[in-house]
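Read the structure below first, then the notes.
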There are 2 protein chains.
Amino acid sequence: MTAPARILLADDHALVRHGVRLILDNEPDLTVVAEADDGAEAVAQARSTDIDLAILDIAMPRQTGLQAARELSRLRPELHILILTMYDNEQYFFEALKAGASGYVLKSVADRDLVAACRAAIRDEPFIYPGAETTLIRKYLDRAQQGDALPAKPITEREEEILKLVAEGHTSKEIGDILFISAKTVERHRANLLQKLGLRDRLELTRYAIRVGLIEP
Amino acid sequence: MTAPARILLADDHALVRHGVRLILDNEPDLTVVAEADDGAEAVAQARSTDIDLAILDIAMPRQTGLQAARELSRLRPELHILILTMYDNEQYFFEALKAGASGYVLKSVADRDLVAACRAAIRDEPFIYPGAETTLIRKYLDRAQQGDALPAKPITEREEEILKLVAEGHTSKEIGDILFISAKTVERHRANLLQKLGLRDRLELTRYAIRVGLIEP
DNA sequence: TCGAACATGGGTGTCAGCACCTATGGACGC
DNA sequence: GCGTCCATAGGTGCTGACACCCATGTTCGA
């Protein structure tokens, strides 16, 4: 028997983190050796601690789990990453895969499924949450075959900044005043965001920002 | 030593539920005897099971924790209710108190705090999450002294219907077509909603609807 | 060094959101 | 019966959102 897999657990809710830790530590082949409150801390922990698997929540302050996943898979390509989230959402799923995650698990699954997902991730097998494999994987493969696996252009830092302010309810003029640019430029960025994300208006931008944890409802 | 307090735990995420259950069952004076996936099931469980304390998440499908709390405190006024949520939000806090909850705890607290909150709720002492007592309680008492503890007019069924559709991103005309009324009437209801809830525009209505669990992000 | 990507900003036009105003008809309680 | 609340609906007017058009300066990698 080999040593248990060393896990980093990142979730901004201490209660959830502690509960999941109890579940995982109960397994002989899994052990949680680090915890993180947010994405930035998760990256820092992964740099300083020897871990095999990172379990990342999506909605976290400072840096979302998806952002952390992108950074971690760039810094340490051999690290296994599991996204653990409450959002049963196709767009997230694709973003998670693009960010280098090998698994996507909902918080609504049973604990046995989480443990199975951890083991699959460690063996480098993809694991998608139960009930979604068929449609989601099929769509993903369809896109991949068309050479179109990563269709979405990444949004820039400035755009993310604008996105956050738009989603918080500020008008173009207000945002312009905050960032010391013209309202026109704000609208330019907003239009680019709508186009890149395939959304219709500020309202959908808001829901998107809430989904990815950029702002609180 | 008396028998442990019997607890109902309602959260739509099985993982979270299981983790919290492990935390609570570890305490000799607390025992989780029932679980629920959503607000409606929580009410059903509370009817059929003998419990002392209900721990309710806010964001749950079918019926939010706040709605369930209102119903439970009407059905069984002697039942202790604890709201456990990820939302550090003043409006929620007041709504929780109005709904009959004696405690409001964030998921970001440590497990010791959750256990303490359970014990406080069972002893019928109010428990507010650490760090917020001063401002929140003060505001609440200020309002109560002005005889203004429940300032908000309740929104009607029709308004809630409109709210949901607005928050989902439909235009007035679309909503009118869906409900077979004129766009003008939709705007009338929307204006009433804005006024009753003290909000500024559709975007804030959307965030409100997400907060109270009326729609998903 | 040349092009691509990015941030900047201007113009024009349409339309939906929202704030005011008005009114009517039904239900319900006092 | 009379007032109150609710749902219905119309008018007017302003303004922000959004879709198109356009150009300029910087930076950075091929």
Side-chain angles (χ1 to χ4, degrees), chain A residues 67 70-71 74 95 98 147-211 214-215 217, chain B residues 148 150-211 214-215 217:
Chain A
Q67 292 171 331
R70 275 182 218 110
E71 198 162 337
R74 195 163 44 78
E95 285 171 21
K98 286 192 295 181
D148 190 30
L150 311 182
K153 284 188 189 173
I155 68 175
T156 68
E157 277 184 37
R158 193 58 156 175
E159 283 166 351
E160 182 168 319
E161 202 170 5
I162 303 283
L163 168 56
K164 194 175 168 196
L165 290 165
V166 169
E168 282 172 351
H170 298 286
T171 65
S172 302
K173 173 152 191 340
E174 286 170 1
I175 298 172
D177 290 343
I178 292 170
L179 299 180
F180 300 109
I181 58 180
S182 84
K184 208 59 198 173
T185 303
V186 175
E187 293 183 350
R188 170 87 273 148
H189 287 306
R190 193 187 52 207
N192 287 339
L193 282 166
L194 291 178
Q195 198 257 316
K196 283 186 181 177
L197 299 173
L199 305 178
R200 291 198 321 190
D201 51 28
R202 324 158 46 228
L203 198 146
E204 292 195 347
L205 279 181
T206 299
R207 301 204 303 200
Y208 177 85
I210 292 172
R211 276 211 303 278
L214 206 58
I215 65 163
Chain B
D148 192 32
L150 310 182
K153 283 188 190 174
I155 67 176
T156 68
E157 275 185 39
R158 193 56 153 176
E159 282 166 352
E160 182 168 320
E161 202 171 4
I162 303 283
L163 168 57
K164 195 175 167 195
L165 290 165
V166 168
E168 281 172 351
H170 299 286
T171 64
S172 302
K173 174 155 191 336
E174 286 170 1
I175 298 172
D177 289 344
I178 293 169
L179 299 180
F180 302 108
I181 58 179
S182 86
K184 209 60 197 174
T185 304
V186 174
E187 292 181 351
R188 172 86 270 151
H189 288 306
R190 194 187 50 208
N192 287 339
L193 281 166
L194 292 178
Q195 197 256 318
K196 282 185 182 178
L197 298 174
L199 305 177
R200 290 199 322 191
D201 51 28
R202 329 160 40 230
L203 199 145
E204 293 195 346
L205 278 181
T206 300
R207 301 203 303 199
Y208 177 84
I210 292 172
R211 273 211 304 279
L214 206 59
I215 65 163

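None of these values were measured; they are calculated from a predicted model. We name chains A, B, ... by the order of the sequence lines, and we start the count at 1 in each one.
A heavy-atom distance below 4.5 Å is not found between the side chains of A:Y208 and A:L193. Using a 4.5 Å heavy-atom threshold, the side chains of A:L179 and A:V186 count as separate. In this structure, B:L203 and A:L203 have side chains that are not in contact, with every pair of non-hydrogen atoms separated by 4.5 Å or more. Two residues are said to be in side-chain contact when any heavy atoms from C-beta on lie closer than 4.5 Å; A:R202 and A:L163 fail this criterion. Looking only at side-chain heavy atoms (C-beta outward), B:I215 and A:R207 come within less than 4.5 Å of each other. Side-chain atoms of A:N192 and A:T156, non-hydrogen and from C-beta on, never get closer than 4.5 Å to each other.
Below the 3.5 angstrom threshold, one finds a donor paired with an acceptor across the side chain of A:K184 and the base of C:dG11.
Separating the CZ atom of B:R158 from the C1' atom of D:dC5 is a distance of 16 Å, rounded to the nearest angstrom. C:dA7 atom P lies 10 Å from atom CD1 of A:I155, rounded to whole Å. Put simply, CZ on A:F180 is 17 Å from C1' on C:dG9, counting in whole angstrom units. Protein atom CD1 of B:I175 is 12 Å distant from nucleotide atom C1' of C:dA16, rounded to whole Å. In this structure, B:L203 atom CG and D:dA17 atom P are separated by 10 Å, rounded to whole Å. One can place CG of B:N192 at 14 Å from P of D:dA9, the figure rounded to the nearest angstrom. In this structure, the CD atom of A:E157 is 12 Å from the P atom of C:dT8, given to the nearest Å. Atom-to-atom, NE2 of B:H170 to P of C:dA16 comes out at 15 Å; the value is rounded to the nearest Å.
Distance from the side chain of B:E159 is smallest for D:dA7 among the nucleotides D:dA7, C:dT8, D:dC18. Considering only the side chain of A:D201, D:dC18 comes nearest among C:dC18, D:dC18, D:dA17. Listed nucleotides: D:dA9, D:dA19, C:dA7. Nearest to the side chain of A:H189: C:dA7. Closest to the side chain of A:E187, from the set D:dC18, C:dA16, D:dT8, is D:dC18.
Contact between A:R158 and A:E161 at its shortest, heavy atoms only, is NH1-OE1, 3.0 Å.
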Each nucleotide N or O in nucleotides 21-30 of chain C that has a protein N or O under 3.5 Å away: list the pair and distance.
residue	atom	partner	partner atom	Å
C:dC21	N4	B:R188	NH1	3.2

Report, one pair per line, the protein and nucleotides 24-30 of chain D atoms (nitrogen or oxygen only) whose separation is under 3.5 Å.
none

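Checking the phosphate oxygens (OP1, OP2) of C:dA16, no side-chain nitrogen or oxygen of B:T171 falls inside 4.0 Å. Of the side-chain N and O atoms in B:T156, one or more sit less than 4.0 angstrom from OP1 or OP2 of D:dA7. Close to C:dC18, at under 4.0 Å from its OP1 or OP2, lies a side-chain N or O of B:R190. Phosphate contact (OP1/OP2 of D:dG10, side-chain N/O of B:S182, threshold under 4.0 Å): present.
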Practice task
I would like to know whether A:Q67 and A:E160 meet side chain to side chain contact (heavy atoms under 4.5 Å, CB included); could you show each step before the answer?
Solution key: CA-CA 12 Å; A:Q67 292 171 331; A:E160 182 168 319; 3.0 Å; yes
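Nearest-nucleotide mapping onto DNA chain D: of B:R202 and B:T185, the residue sitting toward the 5' end is B:T185.
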Run the side-chain donor-acceptor check on residues 166-178 of chain B: report pairs under 3.5 Å with partners two or more places apart or on a different chain.
residue	atom	partner	partner atom	Å
B:H170	ND1	B:E174	OE1	3.1
B:T171	OG1	B:E174	N	3.2
B:S172	OG	B:E187	OE2	3.4
B:S172	OG	B:R190	NH1	3.1
B:K173	NZ	B:D177	OD2	2.9
B:E174	OE1	B:T171	N	3.1

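In this structure, A:E204 contributes its side chain and A:R200 its backbone to a donor-acceptor pair below 3.5 Å.
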